[in-house]
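Notes to accompany the following structure.
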Amino acid sequence: MSKNPEMRQKDKGNRRIQYEGKMYCGRSLLISFLGAFTAVLLLCSGFGSVCAMAGTTDPKTKVIKTGTDEEFARETAKLVKQNRKISLTEEGKVEKYSSGRLIARIKNGEKANLTSYGADTIVQSSFGVNVMQFSTAEGAEKAAEKIASLPALSYVEADDTSIDLGDTEITKIDFEGSPDSEDSDESEQITGTDEVSLQENPTFTGNTEGTATGFDLGGKGKDLTYDSSIKSGASTVSATSMSWGSAYMKADTYASFVKKMTSRSIKVAVVDSGVASHEKLKDRIRPGLDLVDNDKNPDDKNGHGTHVAGTIVDCTPGLEVNILPVRVMDSSGMGNPSTVGNGIRYAVNAGAKVINLSLGGDTHYKYLEECISYADRKGVTVVIAAGNSNENTRYSCPAHMSKPIIVSTIDKDGTRPFFCNFGSSVDVAAPGVDIVSCWMYGGYAIATGTSMAAPHISAVAAMYRLIRPTYTPAKIERAVRYYVKDLGAPGRDDFYGTGVPVLTKGIAPIRVTLDRKRLYLTNKKTLNLKATIYPSYAGMKRKLTWSSSNKNVVSVSGGKLTAKKVGTAVITVKTENGKKASCKVTVKPIQPSSVKLNVRLRILREGQKYKITAKVSPSNAYNKKLTWTSSSRSVATVTSGGTVIAKKAGTTTITAKTVNGKKASCTVKVVVPKK
């Protein structure tokens, strides 16, 4: 910019006086011809929606009533764009009330006249929120002090541009031959969005130290396809995944599981700096809204939102996880609570089921909190980056909130980087260091920060919601927090929350099978049944419950069967989620394997008796009963107990036979006794 702060302030004052002059002349003309009462009626009629609330009306104040959330968002965006003013303190923070704008919330069922406090314009929502624009910061501050005492008011706060995209480090991947690489494969680094862009904010006043480059690298990069050339410039995991975080959390594996389970679609809103067109995001971007330029083209002029969207898509390959881009942050990475809050409400009403907020600040805004709570009440999961200031999240907004999912970050070693915020609001951690993702102009970039961790979790939440579409935000959060790899101190802690989600831990088996459906066992025998879980990567497969319908017949422990007695039992294996498989087991008696007689040849005299003994093997055979026969009953007979009775001279064969047909024989020769 060419003008110094003093000149800019002078120009701003001239514009205000000129505006007031026009309004004064208009009022004088109307009053002189029609009278004061008629003048007010004509003003209300002539300006359409320009009308005052109940009570004394300041004719200087232009009141714009809106009927829908989107209309309120668009009118507020117009107001913000027309009054883009930022002042910084000596510490580099945005000076309170520097925007000259207030957010005033009227309690439900109450009425309040806000037109008598000197605002130039008031935009009224249908849900009790009013955005009031003043010509000076001093006017806004004085009005806030007075309005705060109104009984009908819930709160009044400054709508300053103090929300940013974090102090994230970006490295753009340039390649030989790309327009901004100058035939070099060296990367270009930039850091931060805590500086305010002078070019973006023409009415900027105050501290002008520092570079203010924001995220915008400028130049049009080569429209690269993700291939080996990118792998040479960044740490990646596969031909299809950009982020190492996807592999770390098993997100790509889980996406494959989800694809087999459902063909549903889901919208994830990226409320950020917009999303640029990119080959990697092809067919995933849905129509959104730009509340910075106030149009329907939420293109990314910063890069941050595109990087965030790329990670969500990267973690959900092959799924209908679509991106709803809502631009609320300018090209320098800065935004204000009314715009961000309205972006959240728009996303909810546009059908998003998950909202990613990789943004925040050190001022607690009630309107921003209210809009996030509105999303929660409407069944939308909100995921928020913890922040990059190495401080407790209680000092951040909206990372201090308890109901959304607050995400800290880890590096590739699974440890928390020094910059990451911490606190009791942190739910989980996720990969956020050296994350490769999409960049504006079709390129790619490596980025570091909790902004990069949050979209990993947004992808997780989206996939959980696809599997369980009726889950509330609270249930989605519990699932995200439960299936994790614990890091840091055992259990939940302020740095990692409950840990880093490992999605395969949350995969429930689709089915379980046994290697036998029917089985025969001999009594006292053992055998191992083998159970197989589908899919093979299901995280719950380690916990199987085995049972027997008759423990007295067959007992089972971990798949090992033991036959106890003759009979039948059904063996069942059950997974954690109730999938079952069964095998019918019949226990048969132990059969004789052989029989042996005590003699092979026996000579008997006529009339003589002899008992043959038999040994049945094995000794524990269930039925040792024998059937005895003689091949020539006229020579000798045999009793059922094996006693041979000689009848007359001759030869016969005596046979012992088991119930299962095992045999043994001996020869009996009968002779005539000597006289």
Side-chain angles (χ1 to χ4, degrees), residues 246-262 264 319 414 428 460-461 463-471 474-487 490-492 498-588:
S246 177
Y248 189 97
M249 299 195 313
K250 301 286 193 291
D252 47 355
T253 302
Y254 191 74
S256 176
F257 168 77
V258 174
K259 189 173 183 178
K260 294 175 183 176
M261 295 291 289
T262 181
R264 297 186 188 97
L319 298 179
V428 289
V460 174
M463 288 191 284
Y464 282 170
R465 185 69 183 263
L466 280 174
I467 292 290
R468 297 288 185 269
T470 60
Y471 265 25
K475 286 186 177 180
I476 293 293
E477 180 183 350
R478 281 199 294 271
V480 170
R481 287 164 55 97
Y482 184 75
Y483 299 108
V484 296
K485 176 183 179 181
D486 190 14
L487 298 175
R492 196 218 158 266
T498 58
V500 177
V502 177
L503 275 68
T504 52
K505 288 188 174 184
I507 293 180
I510 298 174
R511 62 190 175 99
V512 59
T513 62
L514 291 171
D515 58 339
R516 306 280 187 91
K517 290 185 178 181
R518 189 174 182 87
L519 183 64
Y520 294 92
L521 282 180
T522 53
N523 197 18
K524 310 302 181 184
K525 291 292 184 179
T526 62
L527 184 140
N528 288 317
L529 274 179
K530 182 182 178 182
T532 303
I533 299 290
Y534 297 92
S536 60
Y537 44 79
M540 297 178 178
K541 65 182 178 181
R542 290 171 293 182
K543 295 183 179 180
L544 295 174
T545 303
W546 294 83
S547 62
S548 171
S549 64
N550 192 336
K551 295 179 181 179
N552 294 325
V553 174
V554 183
S555 64
V556 60
S557 176
K560 183 179 180 179
L561 309 182
T562 301
K564 295 293 188 71
K565 70 175 186 178
V566 175
T568 301
V570 176
I571 304 301
T572 301
V573 63
K574 184 170 70 172
T575 65
E576 284 182 290
N577 65 326
K579 303 299 180 183
K580 297 178 182 180
S582 297
C583 174
K584 185 177 182 180
V585 180
T586 300
V587 178
K588 300 194 302 183

Is any side-chain heavy atom of Y464 closer than 4.5 Å to one of L466? no
Check for me whether K250 meets the cation-pi criterion with Y254, that is, NZ or CZ under 6.0 Å from the six-membered ring centre and within 45 degrees of the ring axis. no
Hey, does V573 have a side-chain heavy atom less than 4.5 Å from the side chain of V512? yes
Closest approach of G414 and L487, non-hydrogen atoms and distance? O-CD1, 3.6 Å
Please check if any side-chain donor atom of S582 sits under 3.5 Å from a side-chain acceptor atom of T572, or the reverse. yes
Below 4.5 Å, heavy atoms only, C-beta onward: do L544 and K574 meet side chain to side chain? no
Looking at L561, is its backbone amide N or carbonyl O close enough to the side chain of T526 to form a donor-acceptor pair, meaning the two atoms are under 3.5 Å apart? no
For the atom pair OG1 (T575) and NZ (K543), what is the distance rounded to the nearest 0.5 Å? 12.5 Å
Is the backbone N or O of V554 less than 3.5 Å from a side-chain atom of S548, with the two atoms forming a donor-acceptor pair by type? yes
What one should report as the nearest heavy-atom pair of S555 and K564 is OG-CE, 3.6 Å
How long is the span from the CD1 atom in I533 to the CD1 atom in I507, to the nearest 0.5 Å? 12.5 Å
Gap separating the NZ atom of K524 from the NZ atom of K565, nearest 0.5 angstrom: 10.0 Å
Any chance you could measure I510, atom CD1, to K579, atom NZ, to the nearest 0.5 Å? 8.5 Å
Tell me, which pairs form a salt bridge (Lys or Arg N to Asp or Glu O under 4.0 Å) where one or both residues lie in residues 503-515, sequence neighbours left out? none
How close do A538 and A508 get, counting heavy atoms only, and between which atoms? CB-C, 4.4 Å
Rounded to the nearest 0.5 Å, the CG atom of L529 sits from the NZ atom of K517 at a distance of 13.5 Å
Do V500 and D486 pass the side chain to side chain contact (heavy atoms under 4.5 Å, CB included) test, and can you show the C-alpha distance, the side-chain angles, and the key distance before you say yes or no? CA-CA 7 Å; V500 177; D486 190 14; over 6 Å; no
Regarding Y520 and R518, is there a side-chain donor-to-acceptor distance under 3.5 Å anywhere? yes
Do L519 and K584 pass the side chain to side chain contact (heavy atoms under 4.5 Å, CB included) test, and can you show the C-alpha distance, the side-chain angles, and the key distance before you say yes or no? CA-CA 6 Å; L519 183 64; K584 185 177 182 180; over 6 Å; no
The residue among V587, N550, V585, T586 that forms side chain to side chain contact (heavy atoms under 4.5 Å, CB included) with T568 is T586
Verify the neighbour count for atom CZ of R468: are there more than 12 heavy atoms of other residues, nucleotides or ligands below 6.0 Å? no
Rounded to the nearest 0.5 Å, what's the gap from CG on L514 to NZ on K530? Could you check? 11.5 Å
Side chains of F257 and Y537 in contact at under 4.5 Å (non-hydrogen atoms): yes
Are V566 and K588 packed together at the side-chain level, in the sense that at least one heavy-atom pair is separated by less than 4.5 angstrom? no
For a quick test of reading the model, state the closest non-hydrogen atom pair linking A563 to T522 and the distance between them. CB-O, 3.6 Å
T513 and Y534: side chain to side chain contact (heavy atoms under 4.5 Å, CB included), yes or no, with the steps? CA-CA 8 Å; T513 62; Y534 297 92; 3.6 Å; yes
Is there a side-chain contact between V502 and M249, using heavy atoms and a 4.5 Å cut-off? no
Scanning both residues in full, the closest heavy-atom pair of V428 with P501 reads CB-CD, 4.2 Å
